[in-house]
Amino acid sequence: MPKITRRNLLRSGLTSGLALSASSVLTRSAWARAEAALAQADMTLPALAPREKLLFDFGWKFQFGNSVDPAKDLGFGLGQGDFAKTGEFDFAKVKFDDSKWRDLNLPHDWAVELPFVHDDVQMSHGYKPVGRRYPESSVGWYRRTFDVPATDAGRRIVIDFDGVFRDVFIWVNGCFIGRNDNGYAPFHFDLTDFLAIGAKNCIVARVDASFGDGWFYEGAGIYRHVWLTKTDPVHLGKFESYARTSVSGNTAAVSLGTVVRNAGTKSSDAKVTWKILDAAGKTVATTDSAQQSIAPDGSATFTAIAKLANPSLWSVQSPNLYSAIVTVESAGKAVDAEQINFGVRTAVFDPDKGFSLNGKSIKIQGTCNHQDHAGVGAALPDRLQYFRLAVLREMGCNAVRTSHNMPTPEWVEACDRLGVMMMCETRQMSSNPEGLAQLEAMVKRYRNSPSIIIWSIGNEEWELQNEDAEQGAKIGATMVRHVHELDPTRVVSAAVNGNNEKGVSEAFDIIGFNYNLAFPDEYHKKNPRRAVYGSETSSAISTRGVYSSDPLRNTVNAYDGVVPWGETAEEWWKFYGTRDWEAGGFAWTGFDYRGEPTPYGWPSVNSQFGIVDMCGYPKDTFFYYKSWWGQGPDKEPVVHLFPHWNWEGREGEPIKIWVYSNLDEVELFVNGVSSGSQKVPHLGHVEWTAKFAPGAIEARGSKDGKVVLSDKRETTSAPVSIKLTVDPIDGRSEIDADGEDIAVLRVEALDKQGRPVPTAGNLIGFKVTGEGKLIGVGNGDPNCQESDKDPKRSLFNGLAQVIVQSTKEPGEIHIEAVKEGWEGAELTPAKLTIKTRKVELRPQVR
Ligand code: GAL
């Protein structure tokens with residue numbers, strides 16, 4: 001079956017407007033790429049035994065504690081004697097009774113489950129009652145009992161947390177293990193000495209989200225994956241394996257390195273071998289290190305070089321990945337192994353020519369994004385990362401900035417696999433031990449990812465970035481030096497909201513400007529040897545499907561809303577997209593996010609900066625970007641007409657009509673009568689004003705004098721039925737029965753002619769039965785305070801989203817969407833079945 005792209009639809013004579021309106025349906029090409037990428041991810045790799053890496057997400061217990069009253073916090077902190085002796089924490093013993101605690105699986109974000117509170121102090125975190133003034137809902141206790149089989153005797157057993165928000169204490173079998181005090185960096189503990197072998201064990205985590213880092217929503221809880229890794233005493237160090245590539249002619253040299261630790265009691269001889277596999281899993285190179293002896297409790301560094309002939313390069317269009325199987329051998333036997341993925345590519349920032357990937361000039365067409373999504377908050381199933389990236393790819397976005405924190409591993413992996421470049425940012429700009437530790441964790445964890453082209457040491461640090469910021473200059477220099485040591489292959493920068501002349505910027509390899517279009521030209525003239533890009537731009541605002549700003553309703557029209565410090569999409573892209581020496585930039589933001597409700601406060605609970613809403617439904621500006629950012633196979637003709645044509649009660653009033661297009665000319669028809677044709681200005685749009693009368697508006701776009709694409713908006717009648725489909729960006733009606741995979745569903749209301757009603761706001765209820773459960777709902781309305789978790793949601797301007805997750809049992813998930821409440825006309829319900837197929841489960845803790 002041919003790919004469903006707008007071009008194919010056009011060829012088959014099905015131009016948009018009716019069943020497919022350009023504003024509401026995305027093509028599937030980006031998702032098809034995601035599918036291919038995931039198939040590649042699934043390729044069978046040689047067993048990495050004797051190492052065992054087990055997912056530790058299922059079967060946890062949860063209960064709220066209390067941040068001020070120890071009596072309501074399992075007695076923790078009562079009497080100041082808690083840490084007096086080792087092993088006396090009863091709540092962390094197997095026999096402790098947690099039968100009344102709630103059952104849940106990770107990743108989990110409890111903040112998204114809480115009701116909203118009208119408390120302006122909580123505005124930036126989306127009006128959720130989390131923080132020091134909310135002791136009852138700011139501490140969460142997680143408990144899990146688990147088996148450690150007798151066969152684990154003699155192995156090292158380490159627990160890995162990919163990210164917990166925020167400060168966490170960990171106990172195992174009554175013993176305090178350690179703590180971690182940030183919300184984004186991964187951390188791990190070696191549990192070996194504390195575990196009972198061949199018996200039940202217990203782990204407890206007390207997570208305290210009282211403090212935060214964000215002026216944006218950060219969630220609360222164990223919101224990323226947890227793993228249990230079992231290895232030989234002689235094993236690879238955490239995040240120590242790297243593969244650095246350099247290309248020369250038709251060959252790539254891969255410089256390989258790792259650290260082996262000996263946690264045993266005797267010296268051990270060890271050597272490391274590397275097997276490099278191409279994307280199809282074929283071995284293309286092998287190499288090994290010299291042998292070394294490692295003292296007990298010691299470690300040693302091993303290196304080697306491999307050569308790849310005619311390497312397949314990683315690029316935005318062809319994100320080719322290689323993997324290296326890194327194996328430690330001791331006494332002729334493989335004792336530990338891990339797989340790292342990497343790519344071969346060159347990424348160069350040039351002060352005169354901007355950015356080039358593999359020697360080809362390419363503009364960074366980027367977006368900044370926070371990490372939360374409708375329905376699930378900060379706890380995203382892996383598949384949702386791919387979904388979100390596919391949405392962004394669809395508009396030609398080729399880069400993301402992980403503002404303002406170290407990202408979730410699966411977001412980075414999705415970028416590697418889908419060919420999206422990254423500016424990877426740490427949370428704390430500081431050279432204090434915590435700041436450097438976060439930075440080091442980020443660089444070591446992700447330095448093999450070909451998607452990453454810039455390390456960012458932070459964002460808008462007012463005290464560190466100004467002219468006389470001596471502290472800034474010193475902190476910046478230390479951080480940059482540290483990154484260069486860990487990864488000599490990439491540039492270091494930060495997102496600076498100022499002139500970049502002094503302070504922290506002095507140490508940067510390349511210079512990023514946030515907003516302030518008056519600065520870059522001046523800077524470039526004065527500093528001709530430093531490459532420049534837009535680290536954060538735009539901050540345009542709009543509410544999806546809204547065409548007049550209404551301060552009483554906290555909505556912003558789709559045409560030209562922008563905050564005073566920002567630029568519209570057209571303004572910033574005409575600036576960065578037209579200067580050869582500019583590398584491009586990152587628009588604030590790709591997706592709407594919870595918190596920072598700009599430009600209005602309560603009752604708005606999320607931002608309106610997104611080019612797509614909280615669910616990933618495009619706002620109109622999406623098509624501005626799609627028009628001008630399309631490239632390679634993504635380059636499709638675009639004609640996008642707005643607003644809708646449902647203006648009942650406004651008959652005879654003038655309505656602003658805009659079209660985004662990358663064709664030569666667009667002609668507008670209002671109720672069948674031409675309003676004239678206009679040339680589309682480069683990087684601009686065309687617009688008309690027409691008086692409203694029910695009927696239709698249509699835009700016909702032509703290239704070389706021929707109409708090639710049209711878009712139409714018709715006045716619909718009232719909703720009579722519900723439509724429930726799999727979101728076209730995903731398109732899968734069958735998902736994995738692994739307890740992790742999801743289906744993202746689109747909910748609409750249709751009129752009696754079967755047309756989606758763009759203004760519908762009906763409340764819809766969802767019944768989910770069979771082998772799946774509902775894990776979240778959303779509608780993209782920044783002012784909606786309905787629960788993200790209840791099985792119902794109002795449509796917002798015609799759309800809502802439901803996310804369902806499979807169980808581990810193969811079968812079917814049945815979803816029924818019905819009208820909720822008693823008011824208004826009846827709506828015919830809709831039903832949808834998602835199949836779930838049997839798959840091999842990821843190895844997991846029992
Ligand atoms: C920037 C900041 C972002 C966001 C944005 C809103 O200054 O870096 O995090 O707050 O403003 O326009």
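Every number for a ligand or one of its atoms is a count from 1 in the order of the listing. Quick caveat, the model's predicted, so the values are computed rather than measured.
- Smallest separation of non-hydrogen atoms from Val496 and Ser505: CG2-OG, 3.8 Å.
- Qualifying side chain to side chain contact (heavy atoms under 4.5 Å, CB included) partners for Glu434, counting only residues two or more places apart in sequence or in other chains: Asn182, Gln428, Asn432, Gln438.
- Every pair passing ring-ring contact (aromatic ring centres under 6.0 Å, His included) that includes a residue from residues 388-440 is listed here, sequence neighbours excluded: Trp215-His404, Phe216-His404, His370-His404, His404-Trp588.
- The ring-ring contact (aromatic ring centres under 6.0 Å, His included) analysis of residues 413-443, with sequence neighbours excluded, yields no pairs.
- Ring centroids of His640 and Phe642 are separated by less than 6.0 Å, placing the two rings close together.
- Between Thr589 and Thr367, the closest heavy-atom pair is C-CB, 4.4 Å.
- Protein residues with a heavy atom closer than 4.0 Å to ligand 1 are Trp215, His404, Asn459, Glu460, Tyr515, Glu536, Ser539, Trp565, Trp588, Glu596, Phe609, listed by chain and number.
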